[in-house]
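One structure below.
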Number of protein chains: 2
Amino acid sequence: MENRGGHYLRELLEMLKKDLFVLEKTEASCCGMTLSQCHVILAIGKAGEVSLNELAGLLNLDSSTISRSVDNLFNKGLVSRKVDERDRRYVRISLTEMGKEVYGEIERNLADYFERVFSSIPEEKRHQVLESLKLLLDAVRENRCCEEGFLW
Amino acid sequence: MENRGGHYLRELLEMLKKDLFVLEKTEASCCGMTLSQCHVILAIGKAGEVSLNELAGLLNLDSSTISRSVDNLFNKGLVSRKVDERDRRYVRISLTEMGKEVYGEIERNLADYFERVFSSIPEEKRHQVLESLKLLLDAVRENRCCEEGFLW
DNA sequence: ATAAAATAGTTGTATATTGCAATTATTTTT
DNA sequence: AAAAATAATTGCAATATACAACTATTTTAT
């Protein structure tokens, strides 16, 4: 029935979210950090160099939250800060060598994991799964009501 | 290419996770609570009545964390606690009338949202999307290395 | 029947996270 | 030159988190 589709969709997504949450917590813990710190490291690592406000936008968190999180990672020697020479309001945030090592390890572990997951999907279904996720993502985005919200 | 499938899969999942994170934060904020509190309310509401340890298991958090979270919601009048008569070590946790109202509102909003998302998927693709999510979930679970971890 | 072990939940401790408001420093606009 | 805007930090206060230790209760072993 049509009005059960959304329900089942949500159930599947919630189970998926939960399982991936466990994955990430375990991964973060193995690397001696919290989940939030792990998210920050991954976002910085992926961007290479990023401003604080950009990072806040990427992670959808308040800039004050990110400022403190980055401060904490800076104190641990994982992150570096450089005032932008052209515009001294900006701070350019990137990973230190140590930070890159941590990032690399997490990245490898997650990459390996998702390759294994992908390989566990029946071969003739793999393209369908990817296509379906894209369709779902498009639908999710289509139903945003505004830039940061999803409800009316 | 085979070794790009996992990469693309992960990218899609991360974008999806992010968008849904924004959705939930907005929803929680609209109901005057934090995301974590929202998770707790939804878990209790769905279970009807649940023990603290069960709740901790459902949310994959330490029982001490849940104990304090439930305490906070109790103080707000959203949650009730009853010592189990048969075994006084147990506390039976459920929602108060007020808690049920909050739960009902969040549930309706999320249900509506996911119905809209589902309806935005091209009709001939809907079954495929659901099937694909199920396949993906199975693959994710197949690659757990232990009960609470996903890596080795 | 009693003691030991196990379980459920709470509390102490310490750290981390979070966002709003206010602040400082800098750049842009008027 | 002054006002406005922007980036980031800090103050404030609440919430969240997990480990360890604890209390109360039940189960298991003796």
Side-chain angles (χ1 to χ4, degrees), chain A residues 21-22 24-41 43-44 49-76 78-94 148-149, chain B residues 21-22 24-44 47 49-76 78-94 148-149:
Chain A
F21 171 74
V22 171
E24 292 188 327
K25 262 186 85 173
T26 306
E27 185 58 33
S29 184
C30 285
C31 290
M33 63 181 68
T34 68
L35 192 52
S36 293
Q37 290 170 343
C38 194
H39 286 156
V40 173
I41 291 284
I44 298 172
E49 191 177 68
V50 73
S51 77
L52 193 123
N53 264 3
E54 283 168 353
L55 198 47
L58 287 170
L59 297 173
N60 206 271
L61 293 168
D62 200 76
S63 57
S64 60
T65 297
I66 297 299
S67 182
R68 270 180 270 256
S69 191
V70 164
D71 203 52
N72 184 285
L73 292 170
F74 175 83
N75 291 336
K76 290 180 173 177
L78 297 175
V79 146
S80 82
R81 276 202 187 87
K82 277 178 283 181
V83 176
D84 189 279
E85 288 170 4
R86 264 177 298 213
D87 189 330
R88 294 198 300 280
R89 290 175 295 179
Y90 284 84
V91 169
R92 293 184 164 282
I93 298 163
S94 55
E148 53 268 317
Chain B
F21 171 73
V22 171
E24 292 188 326
K25 264 185 84 172
T26 306
E27 184 59 32
S29 185
C30 285
C31 291
M33 64 181 67
T34 68
L35 192 54
S36 292
Q37 290 170 341
C38 194
H39 286 156
V40 172
I41 290 285
L42 287 173
I44 298 173
E49 190 176 68
V50 72
S51 78
L52 193 125
N53 265 1
E54 283 168 352
L55 198 47
L58 287 171
L59 298 173
N60 206 270
L61 294 168
D62 199 78
S63 56
S64 60
T65 300
I66 297 299
S67 181
R68 272 180 265 255
S69 190
V70 164
D71 202 52
N72 184 285
L73 292 170
F74 175 83
N75 290 336
K76 290 180 172 179
L78 298 175
V79 146
S80 82
R81 276 201 187 86
K82 276 179 283 179
V83 175
D84 188 279
E85 288 170 4
R86 261 177 302 213
D87 189 328
R88 295 200 301 281
R89 290 175 296 178
Y90 285 84
V91 170
R92 293 182 163 283
I93 299 163
S94 55
E148 54 267 317

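Labels below follow one simple rule: chain letters A, B, ... track the order of the sequence lines, proteins then strands, and each chain is numbered from 1.
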Do the non-hydrogen side-chain atoms of [X] and [Y] ever get within less than 4.5 Å of each other?
X	Y	result
A/Q37	A/L78	no
B/S29	B/K25	no
A/L35	A/F21	yes
B/N72	B/R68	no

- prompt: What does A/L61 touch in the nucleic acid at a heavy-atom separation under 4.0 angstrom: a base, only the sugar-phosphate, or nothing?
  reply: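 Sugar-phosphate, no base atom in range.
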- request: Just call it for A/D71: base, sugar-phosphate, or nothing, with non-hydrogen atoms closer than 4.0 Å on any strand.
  value: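 Since no nucleic acid heavy atom lies under 4.0 Å of A/D71, the category is nothing.
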Ignoring backbone atoms, test whether [X] places a side-chain nitrogen or oxygen under 4.0 Å from the OP1 or OP2 oxygen of [N].
X	N	result
B/T34	D/dA16	yes
B/K25	C/dT18	no
A/S36	C/dT18	yes
A/S67	D/dT9	yes
B/Q37	D/dA16	yes
A/N53	D/dA8	yes
B/T65	D/dA16	no

- prompt: Does any residue of residues 81-91 of chain B have a heavy atom under 4.0 Å from DNA chain D, and if so, which ones, in number order?
  reply: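 B/R86, B/D87, B/R88, B/R89, in order of number.
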Distance check needed: [N] [atom2] versus [X] [atom1], whole Å only.
X	N	atom1	atom2	result
B/I93	C/dT10	CD1	C1'	12 Å
B/N75	C/dT10	CG	P	12 Å
B/D62	D/dC22	CG	C1'	15 Å
B/M33	C/dG19	CE	P	16 Å
B/I66	D/dT15	CD1	C1'	13 Å
B/L59	C/dG9	CG	P	14 Å
B/L35	C/dA16	CG	P	21 Å
B/L73	C/dT10	CG	P	13 Å

- request: Answer yes if the side chains of B/N53 and B/S51 hold a donor-acceptor pair under 3.5 Å, and no otherwise.
  value: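 No.
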- prompt: Nearest 0.5 Å, what's the CG-OG1 distance between B/L55 and B/T65?
  reply: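 B/L55 CG to B/T65 OG1: 11.0 Å, rounded to 0.5 Å.
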field: Approximate separation, where rounding is to 0.5 Å, of A/R89 CZ and A/L52 CG
entry: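 Going from CZ on A/R89 over to CG on A/L52, the span is 14.0 Å.
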- prompt: Is there a donor on the side chain of A/R68 or the base of D/dG11 sitting less than 3.5 Å from an acceptor on the other?
  reply: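 Side chain to base: pair present.
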query: Does the base of C/dG19 carry an N or O that pairs as donor and acceptor with the side chain of A/S64 under 3.5 Å?
result: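 Present.
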- prompt: Which atom pair, heavy atoms only, marks the closest approach of A/S67 to A/R81?
  reply: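 So the minimum-distance heavy-atom pair works out to O-NH2, 3.8 Å.
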